[in-house]
Amino acid sequence: MAKNDRVRNIGIAAHIDAGKTTVSERFLYYSGKIHQIGEVHDGEAKTYWMDQEKERGITITAAAITFDWNGYEIRLIDTPGHVDFTIEVERSLRVLDGAVIVFCAVGGVEPQSETVWRQADKFEIPRMVFVNKMDRIGADFAGVVQQIRERLGAVAIPIQLPIGSEDRYEGAIDLILMKSLIDSGDPKDPVKIGEIPSDMVEAAELAREELLEAVADVDDGIAEKYLAGESIEAAELQKAIRDACLRCAAVPVLCGTALRNKGVRPLLDAVIDYLPSPLDVPPITGVDPNDTEVVLTREPKDGAPLAALLFKVAMDDGRKIVFLRVFSGSIKAGQEVLNVRTGKKEKIARLFETHANKRNRIEKAGAGTIVTATGLKTATTGDTLCDPDAPIMLERIDTYEPVISTAIEPDTNAEKDKLDFAINKLVEEDPTFRVRDDAETGQTIISGMGELHLEIMVERLRREYKVNPRVGRPQVVYREAITKNASGVAEFERQLKEEAIYGKVGCTVEPRDRGTGSSFESDLDPELFPQSLVEAAMQGLRDASQSGPSGYPLEDVAVHLTSMEFREEAQPVAGVRAAAAESFRQVASKAEAIRLEPIMDVEITTPEEALGAVIGDLQQRAGHILDVGARGNKSLIKAKVPLANMFGYSTKVRTISSGRAEFSMRFSAYDRLS
């Protein structure tokens, strides 16, 4: 295993169809990890290990791979590009040190690539950009760079200049070395390094000047030399770009076409040159689980106490496999670790280095490694595993609330237990996949992030768990919000056998701005009321808020506990909790609740001749058109549309555009029904 300074933990992320899995395949081929290139369009990509990925030609679940390049060990995670599987990107970025974001040279900054960028911003992930598909009609390298600057607010610094584009794309000019890099397209041929073509010398010199100006803006040393007119060596320019990249102050941009085997090897070199090793990132921080006010740090050293984050769960023939990032210390097969969430110790049975769905068994993993393990029965996504003698709790991984649901039931009564078992296994794998029983109908309801998400999950039930459920039509998941202030008091009194229960609680509710979430506060004097009773009442308010007057979860409400009465002899904890819940229900019913539905951001690219028909169809779906512009030689429509009105849209938009329009959709917010 390589030393930490010769390791790169990176992810590849992009909008669907930008070509990131093709980039990953070329990485594996050029590194010698595989000896035959598997193409996405043939379903042969080595990072595809689910049958559905091979059939659909899309990444559904993040795949981890380890390979070597020029004496460095690269641990790569290829992430999904479809919005329904955003959680896979989120939890991968949480444990990575750097990322390569792939943009299509024609499509540019598309909705999911924008989402990925914001996720990387949240975790302060250093990243670089690969503008792919330079051979496609309409490829526009400069246009994509400008979009990155304008739409993402990033300091994008091109370190290459493309030589040609579309069917005339040959390679790139390295603006640091001022040399041409030409790939023949035959993966067996080496990259040919030569002089800049004579007809591009002027453009290359201008691009290099722009590069120096951009780097001078983010590096004082380069700025001094640049302003003084001194020459700047390639090595110091490269170091300045690396330093800026590690600080997330700049983003190096390269170009190529992975499918045609052009630009991938310079990209691999750039991963080594510009993205961080585990030693380049700050020590991981967490809190003391016994006192969350105490902040703790762990250095990325094998000799430090163990601190690892479990970021993914997968099932393999019914056996639970967990993915771990070891931030500090080391972990061994057979070792006992503390699961901070449960407060219990668990034993690592086996450790593996992972290559998609294949695993190589190892005995030990040090700081900075990403490995898989078996034997952790109760651990789940977001759990911290640490040294029992040095507990630390790392920040958990955010998840997302489902926006679509459907009823599911076994084909026969005999299959019910089998179906329940299988669904629970999938829920354990995917935090955005939920299951509940409908109290009124007795049906089992599954919920997810979109139609494709639920479709994939149902198909997995059939293929992996051999159950054939009946599935209802997808339904959107609604929420509720109140529109006015209200207050009230409720009294709860019961006599159970020998014991009495009593509580009386008052509360107020008021609406908050959409999307700000709910808040719960106590207005009671802490010196007059026991803390245990205040906590019980607050819990009663929180529990009741899970369901509004129409039975949907309530959002964006400010709740205040205003009064409380109790009797010491009448189970006060249970009494005030029940009274608080009843008080909230009564008050919420007076606050004029409205029903909210998921509103989606929709982008459609369409030939101009179909523009009117596409806009008319969106308006029939109660869509609000935000903007109509251009993307390449097509029209670009941006709109907000209720999710309930988007079922079956892919078929409709293909029909009205003669199969030439494309669309993408992502969740925007819950808002009032149209």
Side-chain angles (χ1 to χ4, degrees), residues 12 14 18-20 22-23 25-27 29-30 37 69-70 100-109 128-149 156-215 232 234 237-238 241 245 250-274 632-633:
I12 293 192
K20 60 185 172 37
T22 303
V23 172
E25 288 297 304
R26 288 346 185 240
F27 278 6
Y29 177 80
Y30 287 123
I37 295 173
W69 181 252
N70 290 345
V100 176
I101 312 296
V102 180
F103 292 95
C104 172
V106 181
V109 178
M128 56 196 305
V129 163
F130 183 65
V131 180
N132 193 27
K133 302 190 178 184
M134 285 297 301
D135 59 322
R136 291 271 299 273
I137 295 174
D140 182 2
F141 178 75
V144 175
V145 172
Q146 193 61 28
Q147 284 184 40
I148 294 169
R149 290 169 176 163
I157 300 181
I159 60 174
Q160 291 182 345
L161 182 68
I163 301 175
S165 66
E166 301 180 346
D167 58 356
R168 299 184 305 279
Y169 179 75
E170 296 180 28
I173 295 168
D174 185 322
L175 296 174
I176 296 175
L177 300 175
M178 291 301 279
K179 296 286 184 180
S180 65
L181 307 173
I182 305 296
D183 271 305
S184 70
D186 185 335
K188 295 183 175 62
D189 290 347
V191 178
K192 184 179 178 181
I193 302 174
E195 297 304 314
I196 297 171
S198 57
D199 62 339
M200 291 196 67
V201 171
E202 187 176 340
E205 289 176 346
L206 179 60
R208 168 137 175 134
E209 191 69 17
E210 292 174 352
L211 167 66
L212 291 172
E213 286 182 14
V215 178
I232 299 171
L237 182 57
Q238 188 179 77
I241 296 172
C245 182
V251 180
V253 184
L254 298 88
C255 61
T257 169
L259 186 63
R260 307 298 175 206
N261 306 305
K262 296 182 179 183
V264 176
R265 283 170 286 189
L267 177 61
L268 271 169
D269 291 336
V271 165
I272 302 302
D273 291 340
Y274 301 112
N633 58 0

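What you are looking at is a predicted structure, and each value in this text was computed from that prediction instead of being measured.
Screening residues 189-210 for salt bridge (charged side-chain N to carboxylate O under 4.0 Å, His left out) gives K179-E195 as the qualifying pairs, with residues at least two apart or on separate chains. Judged as a side chain to side chain donor-acceptor pair (under 3.5 Å), the pairs with a partner in residues 136-146 (not counting sequence neighbours) are, in order, Q146-E150.
Taking each heavy atom of F103 and G108 in turn, the nearest pair found is CD2-O, 3.5 Å. Between D186 and R265, the shortest heavy-atom contact is O-NH2, 4.5 Å. In this structure, A258 and V264 approach most closely via the heavy-atom pair CA-CG2, 3.9 Å. I241 and P252 get closest at one heavy-atom pair: CG2-CG, 3.8 Å.
Checked by atom type and distance alone, the side chain of K262 pairs as donor or acceptor with a backbone atom of Y169 at under 3.5 Å. Put simply, the side chain of Q147 gets close to the backbone of V109: a donor and an acceptor are under 3.5 Å apart. A donor-acceptor distance shorter than 3.5 angstrom exists from the side chain of Q160 to the backbone of C255, with no hydrogens or angles considered.
Within 6.0 Å of atom CG in L206, more than 12 heavy atoms from other residues, nucleotides or ligands are found, so the atom counts as buried in its surroundings.
Taking SG of C104 as the start and CG of N132 as the end, the distance is 7.5 Å to the nearest 0.5 Å. Rounding to the nearest 0.5 Å gives a distance of 11.5 Å between CG of L259 and CD of E25. Between the CG atom of L161 and the CG atom of L181 there is a distance of 11.0 Å, given to the nearest 0.5 Å.
Just one of L175, V253, V215 meets the side chain to side chain contact (heavy atoms under 4.5 Å, CB included) condition when paired with I157; it is V215.
Between V23 and L267 the shortest side-chain heavy-atom distance falls below 4.5 Å.
For the side chain to side chain donor-acceptor pair (under 3.5 Å) test, residues two or more places apart in sequence or in another chain that qualify with R260 are D135.
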Side chain to side chain contact (heavy atoms under 4.5 Å, CB included) evaluation trace for I163 with M200: CA-CA 8 Å; I163 301 175; M200 291 196 67; 3.9 Å; yes
